[in-house]
K.L.:
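A single structure is presented below for examination.
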Amino acid sequence: LEVGESGAWLQFTSAFKGWKHTDTTGVTPAFDATEDEFTSRHVKLFLAEDVAGLADTAASRLKVKSFTITLEETATPDHAIGETDNDPEFDSAPAEVRGTFVVKYRKTDLEEDFFANAVHAMKLVAENNGDIIEILATKVRFRELTDSDGRDDIVTQTVSFYCEANVANAMKDVEISVTNQMPSMTV
């Protein structure tokens, strides 16, 4: 998500790899023409010392210029001798949730937290007419912090973060909830 001159839309990309062909000629997705779109104006990012601090939305809100989040869980195929029907087993690698955000440099809080290896709670909320996407990370650390260095530029900070599994949150890296008010979708 990035703010542009006239706003920006959320973009979601995903890669899937399959082993078996499935015929999809009979599948026709149908979408509601009144479907709400999310733009940068519908998104808010919150950062606090803990989840309870996220409730104070005025104090915890970050004014970000751009935000990316990557949720990655890879699987490696494990083939065996005598395998039939090209049907391997898959070994899952650890899941990883990471991202970056860019903010205008206003104060030293983010730098101080970076050097202190502070743990935060972070919440991203996209909401438009009752449709809501919410991503909650209860244990976030900054891994890299870079200031812009253009001679005539407004100074910005690019902050890289990683979400960690949290014992207090059932070992989850993030919790994602989606509320979709669209009446129905036929597939």
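Please read all numbers here as calculations on a predicted model, not as lab measurements.
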K.L.:
Taking atom CG of Leu136 and atom CE of Met122, what is their separation to the nearest 0.5 Å?
P.N.:
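Atom-to-atom, Leu136:CG and Met122:CE are 10.5 Å apart.
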
K.L.:
With distance as the sole criterion, is a donor-acceptor pair present between the side chains of Thr68 and Thr100 under 3.5 Å?
P.N.:
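Indeed, the side chains of Thr68 and Thr100 share at least one donor-acceptor pair under 3.5 Å.
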
K.L.:
Near Glu96 CD, under 6.0 Å, is it more than 12 heavy atoms from other residues, nucleotides or ligands?
P.N.:
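Yes, enclosed.
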
K.L.:
Do the side chains of Ile133 and Thr179 get nearer than 4.5 Å, heavy atoms only?
P.N.:
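They are not in contact (no side-chain heavy atoms under 4.5 Å apart), so the answer is no.
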
K.L.:
Do Asn129 and Asp131 come close enough that some side-chain heavy atom pair is under 4.5 Å?
P.N.:
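Heavy-atom side-chain distance check fails, nothing below 4.5 Å.
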
K.L.:
Drop me the distance from Lys123's NZ to Leu47's CG, to the nearest 0.5 angstrom.
P.N.:
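Reported value, rounded in 0.5 Å steps: 12.0 Å.
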
K.L.:
What's the separation between atom CG in Leu54 and atom NE2 in His120, rounded to the nearest 0.5 Å?
P.N.:
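These two atoms lie 10.5 Å from each other.
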
K.L.:
What pair of heavy atoms forms the shortest contact from Asp50 to Gly53, and how long is it?
P.N.:
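Between these two residues, the closest heavy atoms are OD1-N, 2.9 Å.
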
K.L.:
Is a side-chain N or O of Asp173 found less than 3.5 angstrom from the main chain of Ala165, in a donor-acceptor match?
P.N.:
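Checked: pair present.
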
K.L.:
Check whether Tyr162 forms a cation-pi arrangement with Arg143 (NZ or CZ under 6.0 Å from the six-membered ring centre, at most 45° off the ring normal).
P.N.:
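Judged by the rule, Arg143 and Tyr162 form a cation-pi pair.
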
K.L.:
For residues Val51 and Leu124: do they belong to one hydrophobic cluster (side chain heavy atoms under 4.5 Å, members Ile, Leu, Val, Met, Phe, Trp, Tyr)?
P.N.:
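No.
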
K.L.:
Taking the basic N atoms (NZ, or NE/NH1/NH2) and the acidic carboxylate oxygens, is any pair closer than 4.0 Å for Glu127 and Lys44?
P.N.:
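No, this pair does not count.
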
K.L.:
Take Phe67 and Val43 through the side-chain contact (heavy atoms from CB on, under 4.5 Å) test and state the conclusion after the steps.
P.N.:
CA-CA 10 Å; Phe67 180 83; Val43 179; over 6 Å; no

K.L.:
Considering residues, nucleotides and ligands other than Phe115, do more than 12 of their heavy atoms fall under 6.0 Å from its CZ?
P.N.:
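Atom CZ in Phe115 is not packed in, count stays at 12 or less.
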
K.L.:
Please walk me through it: do Val102 and Val64 pass side-chain contact (heavy atoms from CB on, under 4.5 Å)?
P.N.:
CA-CA 6 Å; Val102 176; Val64 297; over 6 Å; no

K.L.:
With distance as the sole test, does Ser148 use its side chain to make a donor-acceptor pair with the main-chain N or O of Thr156 at under 3.5 Å?
P.N.:
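Side chain of Ser148 to backbone of Thr156, a donor-acceptor pair under 3.5 Å: yes, one is there.
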
K.L.:
Run the numbers on Asn117 and Arg141 for side-chain contact (heavy atoms from CB on, under 4.5 Å), then give the verdict.
P.N.:
CA-CA 7 Å; Asn117 199 26; Arg141 290 184 205 266; 3.4 Å; yes

K.L.:
Could you please spell out the steps behind the side-chain contact (heavy atoms from CB on, under 4.5 Å) verdict for Lys104 and Gln157?
P.N.:
CA-CA 6 Å; Lys104 188 185 293 185; Gln157 292 180 312; over 6 Å; no

K.L.:
Classify the angle between the aromatic ring planes of Phe142 and Phe101 as parallel (below 30°), tilted (30 to 60°) or perpendicular (above 60°).
P.N.:
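Rings of Phe142 and Phe101: perpendicular, as their planes differ by over 60°.
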
K.L.:
Measuring only between side-chain heavy atoms, which start at C-beta, is Leu110 closer than 4.5 Å to Leu145?
P.N.:
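Sidechains of Leu145 and Leu110: in contact.
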
K.L.:
How long is the span from the CG atom in Asp109 to the CG atom in Leu62, to the nearest 0.5 Å?
P.N.:
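One finds 10.0 Å between CG of Asp109 and CG of Leu62.
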
K.L.:
When rounded to the nearest 0.5 angstrom, what is the spacing between OG in Ser177 and CD1 in Ile132?
P.N.:
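Between Ser177 OG and Ile132 CD1, I get 7.5 Å after rounding to 0.5 Å.
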
K.L.:
Find the distance between CD1 (Ile135) and CD1 (Ile69) and round it off to the nearest 0.5 Å.
P.N.:
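Between atom CD1 of Ile135 and atom CD1 of Ile69 there are 4.5 Å.
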
